[in-house]
Number of protein chains: 2
Amino acid sequence: MKLSTKGRYGMKAMFDLALHGGKSPLPLKTIAERQEISEAYLEQLISSLRKAGLVNSVRGSQGGYKLAYPPEEITVGSVIRTLEGSMAPSACVTEEKPLDCKKADSCVIRPIWEKMRESVDNVIDSITLQDMLEDYNNQSQ
Amino acid sequence: MKLSTKGRYGMKAMFDLALHGGKSPLPLKTIAERQEISEAYLEQLISSLRKAGLVNSVRGSQGGYKLAYPPEEITVGSVIRTLEGSMAPSACVTEEKPLDCKKADSCVIRPIWEKMRESVDNVIDSITLQDMLEDYNNQSQ
DNA sequence: TTATACCCGAGTAATTCACCAGGCTTTACT
DNA sequence: AGTAAAGCCTGGTGAATTACTCGGGTATAA
């Protein structure tokens, strides 16, 4: 049940944006170097995040990326789900279009997959980038 | 974050053993047919379950498999973890030997992976095959 | 002794992962 | 106006993983 690098790198990049991002956009290269991620690969990931509306881009020289919302409005869940899809352990319990299975009604395993998904969703939807920033600041004391 | 077929098929097989297993062992073929799983593939999975001590095997004619413990003593977690490994979303937060990362101390993402793992573990460790049997029996009313 | 069933290792097609390459477009700065 | 810095986009690719299959063992009830 590991996440792929998409979710992990994506979280690093988003936190980097929250921590180092200001008024002017952060170029991808800076983020990639600081987080030690392949730039070309991170470009793909941040492209998904942009299409999902989580970051904004500024093209051209001096361009880069910025969070589309203040850190307290961006949850870990929205980032991870954008890059990894549903947290459902089985296709029959995704939020959006659960794969329908004839035996869904009588299946005793399905409710277990559902609980797993819900419990993961609860965790990741309850943490925002702002929470992470605060943890980071408290740490350095 | 999907489980592979190992975990999913393995759960089906274990529940089948709990539901249909009696004093005499259930042959793999029967389980595979009833659960619509490739017999040769399921053999590999149940072999892991046997090595983990969750099922016992009886060789030879009239042989098959039985649960090694009563259903109330077998958790979903023990089955899934046997077949899938740790539920950690990142290698740095596995129960047994977390991959050590120099930045582990200062990492603000790590605690999130930890919470995810814990919450999944809580769900799957709190459900036994017996619970599933009861759900199944209540359903048919 | 024979049919049934578990045991085991190797092989394999298909898919996914984690990138890389290269060209195009946009824009600030000089 | 020219140039360099940046994002945008498509396609390719080697390595790993997944989900099996195959073929031969070995044990044992009948």
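Below, read A as the first sequence line, B as the second, and so on, with proteins coming before strands; counting in each chain starts at 1. As the structure is a prediction and not an experimental result, all values here were calculated from the model.
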Calculate the interatomic distance between B:E36 atom CD and D:dC20 atom C1'; express it in whole Å. 17 Å
Out of C:dC6, D:dA29, D:dC9, minimum distance to the side chain of B:S61 belongs to D:dA29
Tell me whether the OP1 or OP2 atom of D:dA19 has a side-chain N or O from B:T5 closer than 4.0 Å. yes
Interatomic distance, B:E39 CD vs C:dC8 C1' [rounded to whole Å]: 15 Å
5' priority, DNA chain C, between A:Q44 and A:V58 [closest heavy atom]: A:Q44
Determine whether a donor-acceptor pair (N or O, by modelled atom type, separation under 3.5 Å) exists between the side chain of A:D16 and the backbone of A:K12. no
If I take atom CG in residue B:L28 and atom P in nucleotide C:dT4, what distance separates them, rounded to the nearest angstrom? 16 Å
Is A:G63 touching bases, backbone alone, or none of the nucleic acid, heavy atoms closer than 4.0 Å? sugar-phosphate
Rounded to whole angstrom units, what separation is found between the CD atom of B:E33 and the C1' atom of C:dA5? 14 Å
Would you indicate which nucleotide in D:dT21, D:dG7, C:dA18 comes nearest to any side-chain atom of B:A40? D:dT21
From C-beta outward on B:Y41, which listed nucleotide comes closest to its side chain: C:dC8, D:dG7, D:dC20? D:dC20
Taking D:dA19, C:dA18, D:dC8 as options, the one with an atom nearest any side-chain atom of A:R59 is D:dC8
A:Q62 CD to D:dT3 C1', straight-line distance once rounded to whole Å: 13 Å
In whole Å, I'd like the distance from the NZ atom of A:K51 to the C1' atom of D:dT10. 10 Å
Heavy-atom donor-acceptor pair, A:K66 side chain to A:K23 backbone, under 3.5 Å: yes
At under 4.0 Å between heavy atoms, what does B:I46 touch on the DNA or RNA strands: base, sugar-phosphate, or nothing? nothing
Evaluate the criterion salt bridge (Lys or Arg N to Asp or Glu O under 4.0 Å) for residue pair B:E95 and B:R117; output intermediate values, then yes/no. CA-CA 9 Å; B:E95 301 85 332; B:R117 178 181 63 70; 3.8 Å; yes
Using only heavy-atom distances, decide whether a donor-acceptor pair under 3.5 angstrom links the side-chain of B:E43 to the base of C:dC6. no
Has B:S38 got a side-chain N or O lying under 4.0 Å from the OP1 or OP2 atom of D:dA19? no
Among D:dT21, D:dA6, C:dC6, which nucleotide sits nearest the side chain of A:P27? D:dA6
Please check if atom OH in B:Y41 has more than 12 non-hydrogen atoms from other residues, nucleotides or ligands closer than 6.0 Å. yes
Applying the side-chain contact (heavy atoms from CB on, under 4.5 Å) criterion to B:L17, which one of B:L129, B:I31, B:L54, B:I74 satisfies it? B:I31
Quickly work out the A:L26 CG to D:dA5 P distance and round it to whole Å. 18 Å
Is there a donor in the side chain of B:D131 and an acceptor in the side chain of B:T128, or the other way round, less than 3.5 Å apart? yes
Output yes when at least one side-chain N/O atom of A:Y9 is less than 4.0 Å from OP1 or OP2 of C:dA18, else no. no
Could you state the atom-to-atom distance from CZ of B:R50 to C1' of D:dA27 in whole Å? 13 Å
Does A:S57 have a side-chain nitrogen or oxygen under 4.0 Å from the phosphate oxygens OP1 or OP2 of D:dA6? no
